[in-house]
Each structure stands twice: as structure tokens, then as C-alpha cells.
Amino acid sequence: MIEKDFIPSAYNHTITEGKVSYKSPSNIALVKYWGKKENQLPQNPSISFTLDACATTTKISFKRLNKPSEEYSFDLLFEGNSKEDFKPKIKIFFTRIEVYLPFLKEYHFTIETSNSFPHSSGIASSASGMSALALCLVALEKQLNPEMSDDFFTKKVSFLARLGSGSACRSIEGDIVQWGNHENTEGSSDLFGIKYPYKVHDNFKRFHDTILLVDKGQKQVSSTVGHNLMHNHPFATQRFKQAHENLDKLIAVFESGDLKEFIAIVESEALTLHAMMMTSMPNFILMKPNTLEIINKIWEFREKSNSNVCFTLDAGANVHVLYPENEKDVVFQFIKDELIGYCENQQYICDRIGFGAKQLKMNA
Ligand code: PMV
């Protein structure tokens with residue numbers, strides 16, 4: 001598929017008003033997306049576990065205007081309160097996607113959104129937030145064009161979510177989603193995420209992700225700034241090549257169930273992401289002392305217990321602790337005994353692999 005395929009032809013239905021609501025999860029990348037080309041196209045393929053507990057719920061009420069407005073017409077409520085400072089981001093998103101959703105200026109939208117996780121937790125809400133918004137908008141489009149197939153619906157949502165925030169395109173489906181052209185993954189595309197199409201061993205079926213909130217502050221580096229640091233980065237070419245290779249290795253690991261190899265790839269990806277930030281110009285250290293304490297504790301515990309617990313990181317100080325279902329009691333005890341003390345106010349979020357976004361029933 002190419003970008004043009006997402007531009008609709010004339011709609012065959014008219015809808016004057018209605019409501020639609022979706023709950024969409026966050027995701028955690030195993031092979032990281034870091035570096036983009038124009039139009040939010042990734043420099044390398046990435047793959048993630050879809051999460052379950054960390055999610056955004058968005059409801060859109062829409063009303064057709066008598067005549068199309070000059071500017072986008074919408075109100076935004078975040079957790080029940082009007083949120084003016086979120087509006088510019090939505091406006092930019094609407095501008096990027098209008099060519100694919102030409103009805104945007106024909107309606108007034110009331111967008112009500114809330115997160116399942118605390119706002120100031122240092123957990124990025126862009127993946128769940130942008131995917132939830134894209135879902136609601138394409139659901140409205142489906143009312144204007146009821147012939148739209150389910151497959152096209154999912155692809156278009158992912159395609160549009162990507163234009164809001166790259167990683168958001170991996171949040172629509174579960175439980176493992178791949179995004180970005182990759183020679184050895186059939187159907188992979190830079191334009192949207194696809195459900196991982198190959199065999200996944202039972203070892204990975206009910207993975208846990210306990211998110212340790214080491215630093216709940218605002219992000220020190222926005223992801224836009226971060227991705228741009230990969231332009232002219234001295235190690236960029238090598239890094240992009242490595243992501244392809246790690247994905248090849250992960251395909252084999254998902255098939256065989258080799259947890260030790262899984263750990264090696266996932267931890268290397270996390271540290272490489274941070275190494276890219278440390279070696280860019282300007283450079284950033286986004287890990288905090290407690291991030292390192294946690295990593296060392298995980299390594300020590302693994303050494304002495306032969307557990308298959310491992311960590312990954314986002315572009316921040318928080319640590320995602322990943323572990324298989326059959327180790328959940330032992331590892332969770334270890335987390336409580338040895339890791340939670342390194343979290344800000346001892347806060348953490350228990351999450352696990354999830355199965356993607358869900359439409360919510362609307363009261364009339
Ligand atoms: O979706 P963005 O532009 O916020 O970028 C996300 C980048 C990482 O979270 C660091 C990696 C990833 O693949 O999710």
C-alpha cells in the first residue's frame with residue numbers, strides 16, 4: 001500500500017451527529033524506533049508488546065456544521081477539565097491527517113480523554129492518546145463509508161496514529177506489533193504497524209511488564225528532539241542496520257522460545273537507545289542513578305536465581321521490568337523486596353501484554 005491509498009473517495013453516507021469512544025493501550029518497544037525520516041516514517045523497523053493496563057480512553061461527540069469552518073472546530077477535555085495546552089498538538093495532528101480525513105472541518109468535535117495512569121508518572125501518553133483519537137476519527141469515517149473493511153480500518157487507524165506519534169501506530173492491535181519495512185517480515189510497512197505474523201512460543205504469551213517510576217517528571221527531551229538527534233549521528237547507519245538484525249534474531253527467538261537470547265536482545269536495544277542519546281550532539285543522559293541501581297539489581301538477581309527477568313527502557317529514567325508468566329510470583333516478590341525502594345514515592349504500575357484497542361459502548 002502507498003500513502004495515496006488512504007485518501008478516501010467521496011463518501012456515500014451523511015451523518016449529522018453522533019458519539020464514538022475507544023480505549024487504546026500503550027506499548028513497550030523491544031526493538032526501538034529511534035530516528036525518523038519525513039512524514040513520521042521510521043529509519044528502522046521496531047517491534048513492541050502491546051500493553052494492557054496503561055491506556056487512554058477517548059470519547060468524541062461530533063456535530064455536523066452548517067458550513068465547513070475555516071479552522072478546526074473542537075473542544076478538548078482532559079480528565080473532565082478543559083485543556084487548552086493540549087490543543088496545539090491536536091491541531092498539528094489534524095493538519096497532518098486532513099488530506100486522509102477530508103471531513104475534519106465539516107464537524108464540531110468535543111474530545112473527552114483520560115488516562116488510566118497518573119498524568120505525571122513520566123509514562124508517555126502519546127502512543128495510547130494518539131491511537132485512541134485516530135480510532136474515534138476513523139470510526140466516524142466508517143459511518144460515512146460503511147463498506148470499509150475491518151482490515152482497512154485497522155491499517156488506516158495505525159497509519160493516522162503514526163502521524164500523531166510514531167509509536168502510536170503499534171497500539172491498535174495486540175499482542176505483538178511490528179512497524180517498519182523489514183526484509184524478512186511479510187507485509188511489514190513503514191506506513192503502519194502490523195500484528196506480528198509469525199509463530200510466537202508460549203513463553204511469550206502472557207508476559208508481564210512492571211513499570212518502575214524512577215522519575216515522574218516531565219520528559220527532559222521530547223521524542224521529536226530525540227529522533228532528530230539521529231540526523232548526522234556518527235553511529236546512525238550502524239544503529240539502523242543493527243535494528244534490522246535484532247529483528248531477525250527476535251523472529252527466531254519468538255519461534256524457539258529462547259528466553260536467554262530474548263533478554264540479550266531486549267536489554268541491548270534499551271542500552272543502545274540510551275547510548276545513541278549519550279553520543280549525539282547535543283547529548284543527554286536520561287537514566288538516573290536509580291535506573292542504574294535497578295539494572296544492576298536485576299542482573300544480580302538473574303545471576304543468582306537463573307530467572308528470566310529483564311529490563312527495557314523508554315527515552316526516560318523509568319524501568320520496564322519484563323518477565324514470563326511462570327515466574328510472576330518470584331519476580332514480583334523480588335521487585336517488591338529490592339526494586340521498589342528506588343522508585344519515586346515507591347510508585348510502580350503492574351502491566352502485562354495486552355490485545356489492543358477496544359471500542360466502548362456509548363450511552364445514547
Ligand atoms: O512515538 P515517539 O515519537 O514518541 O517515539 C518513541 C520512541 C521510543 O519510545 C523511545 C521507542 C519506541 O520504539 O517506542
Side-chain angles (χ1 to χ4, degrees), residues 24-51 54 56 89 92-93 96 115 117 121-134 157-172 174 176-182 188 190-194 196 209 211 215 218-231 233 236 239-240 242-244 246-247 250 265-278 280 284-287 291 311-320 322 351:
S24 191
S26 186
N27 67 75
I28 180 68
L30 306 170
V31 172
K32 308 287 180 183
Y33 151 58
W34 198 242
K36 62 180 163 190
K37 306 176 208 160
E38 288 223 308
N39 300 328
Q40 303 267 106
L41 296 173
Q43 289 278 16
N44 65 257
S46 57
I47 192 164
S48 48
F49 281 158
T50 304
L51 295 180
C54 288
T56 299
K89 218 174 167 187
I92 293 171
F93 181 51
R96 285 186 192 159
N115 292 335
F117 46 92
S121 58
I123 300 278
S125 58
S126 59
S128 54
M130 286 298 174
S131 53
L133 185 54
V157 172
S158 179
F159 173 86
L160 296 179
R162 188 200 88 235
L163 293 169
S165 166
S167 58
C169 79
R170 297 190 312 239
S171 275
I172 323 303
I176 302 178
V177 176
Q178 191 173 320
W179 166 42
N181 285 332
H182 177 244
S188 61
D190 279 353
L191 299 179
F192 46 78
I194 57 164
Y196 178 70
D209 178 4
I211 309 165
D215 181 19
Q218 275 299 93
K219 276 210 217 173
Q220 198 185 322
V221 186
S222 76
S223 43
T224 312
V225 170
H227 290 293
N228 284 337
L229 294 172
M230 290 306 282
H231 293 136
H233 191 291
R239 159 61 198 151
F240 301 144
Q242 179 198 41
H244 284 266
N246 280 343
L247 204 42
L250 258 191
I265 299 164
V266 168
E267 293 190 348
S268 163
E269 276 288 323
L271 295 177
T272 301
L273 169 71
H274 283 256
M276 289 301 109
M277 290 184 253
M278 288 192 226
S280 55
F284 296 95
I285 301 180
L286 299 189
M287 288 186 271
T291 312
F311 70 86
T312 188
L313 307 165
D314 267 339
N318 296 334
V319 182
H320 289 249
L322 303 176
D351 211 335

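These figures come from a predicted structure and were not determined experimentally. Whatever order the structure lists them in is the order used to number ligands and atoms, beginning at 1.
Using bins of under 30°, 30° to 60° and over 60° for the plane-to-plane angle, the ring pair W34/H227 lands in the tilted bin.
Residue contacts with ligand 1, taken as heavy atom pairs separated by less than 4.0 Å, involve R170 solely via side-chain atoms from C-beta onward.
Residue contacts with ligand 1 include H227, since one or more of its heavy atoms lies under 4.0 Å from the ligand.
Smallest separation of non-hydrogen atoms from L191 and R162: O-NH1, 2.6 Å.
Of the N or O atoms in S167, one or more lie within a sub-3.5 Å distance of an N or O in ligand 1. Residue K36 has no N or O atom closer than 3.5 Å to an N or O atom of ligand 1. Inclusion of S46 in the set of residues having an N or O under 3.5 Å from an N or O of ligand 1 is not warranted. By the 3.5 Å distance cut-off applied to N or O atoms, Y33 is counted among the residues near ligand 1.
Ranking protein heavy atoms by distance to atom 4 (O) of ligand 1, first place goes to S223 OG, 2.8 Å.
Between R239 and M230 the shortest side-chain heavy-atom distance falls below 4.5 Å.
Below 4.0 Å from some heavy atom of S165 lie the following atoms of ligand 1, by number and element: 1 (O), 2 (P), 4 (O). Residue contact check: D314 has heavy atoms under 4.0 Å from atoms 9 (O) of ligand 1.
For the atom pair CG (L313) and CG (L271), the distance works out to 6.5 Å, reported to the nearest 0.5 Å.
T56 and N115 are linked by a side-chain donor-acceptor pair at a separation below 3.5 angstrom, with hydrogens and angles left out of the test.
If you run side chain to side chain donor-acceptor pair (under 3.5 Å) between S131 and each of S24, S126, S158, only S24 comes through.
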